[in-house]
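Just so you know, these numbers use all the heavy atoms, side chains as well, and skip hydrogens, waters and symmetry mates. Order of appearance sets the numbers: ligands from 1, and atoms from 1 within every ligand.
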Amino acid sequence: MKVSVVGAGHVGATVAQNVAQLEIANEVVLADIVEGLPQGKGLDLWESAPIKGFDSRLVGTNDYKDTKDSDVVVITAGVPRKPGMSRDDLLNTNFNIVKSVTEEIAKYSPRTIVIVVSNPLDVMAYTVMKVSGFEPNRVVGMAGILDTARYRSFIALEADVSVKDIQAMVLGGHGDNMVPLPHFTTISGIPVTHFISKDKLNAIIERTRKGGGEIVGYLKTGSAYYAPGAAVAQMVEAIAKDSNRILPCSAWLTGQFGIKDTFVGVPVKLGRNGIKEIIELPLTDEESAALKISADHVKVNIDKLTV
Ligand code: APR
């Protein structure tokens, strides 16, 4: 298994570290346009291998030739948000970057699965699919796992229980109108409302929606990367091990949930060929309407692009 990560910034380097430590790839390539940056980070990460005890070889490069025949490519190239910015404000800048990166990837790794991380996530996933010409199952956006992880982490704090016992799913576009599903949220199978009042849960949902902005507000010069990096690694692992995990990811919809012609976060079965199946859940009318609003928001931005 060969995994390439394009963009050796905060998210990219964290993805490379997590993937290498999981030992699911024999080769991890970190690529970036800035000379020396991927080489330096790649070497530094490789020098951690004897301590952490992993045998995935890490290399950094400015040359896409080194990403040739990757099984999975993760795109993190682009600019992150600064305080006061929405993910949508990154649209034009990141569109041009993601487009040029995709052309290189399609050239050197025509059979790869692509995990898209650059924001605005769902629109960038669309960009990758269009520019590469790849089948929709081979283009998957990372957002739902991160949004769900934020939601689960806040629930764990509020209920004072292990994060391991919290099952949940956050759907929708990766933006402030994402759709957490309280009635699918359980703590070891017990409805979350047994542990947390409705008011407290609503406050957690609100905090989850603004979770990315909360981190940007603290960091001031960029956006989150530890949790996003871990989320991507979980997706790479599901693909590498062909494990059929059911995870919320951004996928191209063709009528599922009554939505078509857009990428949006839904539960998918993830394995060796990327998205094997989109799992259609019975949503309440309110949840369906919220998912539709979220999808329409992504579509408005897709329509602004000339791909
Ligand atoms: N090709 C390759 N790498 C590029 C290109 C390009 N055309 N353009 C920019 N990059 C690289 C930058 O050189 C930088 O190293 O992308 C990297 C981005 O890293 P950071 O600025 O640290 O941003 P990061 O926090 O990693 O976020 C990257 O992920 O979560 C999203 O919104 C976030 O869109 C942003 C992306």
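- A donor atom on one side chain and an acceptor atom on the other are found under 3.5 Å apart for N301 and D88.
- Residues V29 make up the rest of the hydrophobic cluster containing V59, defined by ILVMFWY side-chain heavy atoms closer than 4.5 Å, directly or through other members.
- With salt bridges taken as basic N to acidic carboxylate O contacts below 4.0 Å, one links K241 and E237.
- Taking Ile, Leu, Val, Met, Phe, Trp and Tyr as hydrophobic and joining them when side-chain heavy atoms fall under 4.5 Å apart, one finds I187 in a cluster with Y151, F154, I155, V161, I166, V170, M178, I190, V192, F195, I196, L201, I204, I205.
- A salt bridge between D296 and K292 is present, with a side-chain N of the basic residue lying under 4.0 Å from a carboxylate O of the acidic one.
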Write out each pair where an N or O from ligand 1 and one from the protein are under 3.5 Å apart, with the distance.
residue, atom, partner, partner atom, Å
ligand 1, 13 (O), D32, OD1, 2.7
ligand 1, 13 (O), D32, OD2, 3.4
ligand 1, 15 (O), D32, OD2, 2.7
ligand 1, 16 (O), G78, N, 3.4
ligand 1, 22 (O), H10, N, 2.9
ligand 1, 22 (O), H10, ND1, 3.0
ligand 1, 26 (O), H10, N, 3.2
ligand 1, 26 (O), V11, N, 2.8
ligand 1, 32 (O), N119, ND2, 2.9
ligand 1, 34 (O), V79, O, 3.1
ligand 1, 34 (O), N94, ND2, 3.2
ligand 1, 34 (O), N119, N, 3.1

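- Listed by chain and number, the residues in a ring-ring contact (aromatic ring centres under 6.0 Å, His included) with Y225 are H10 (sequence neighbours excluded).
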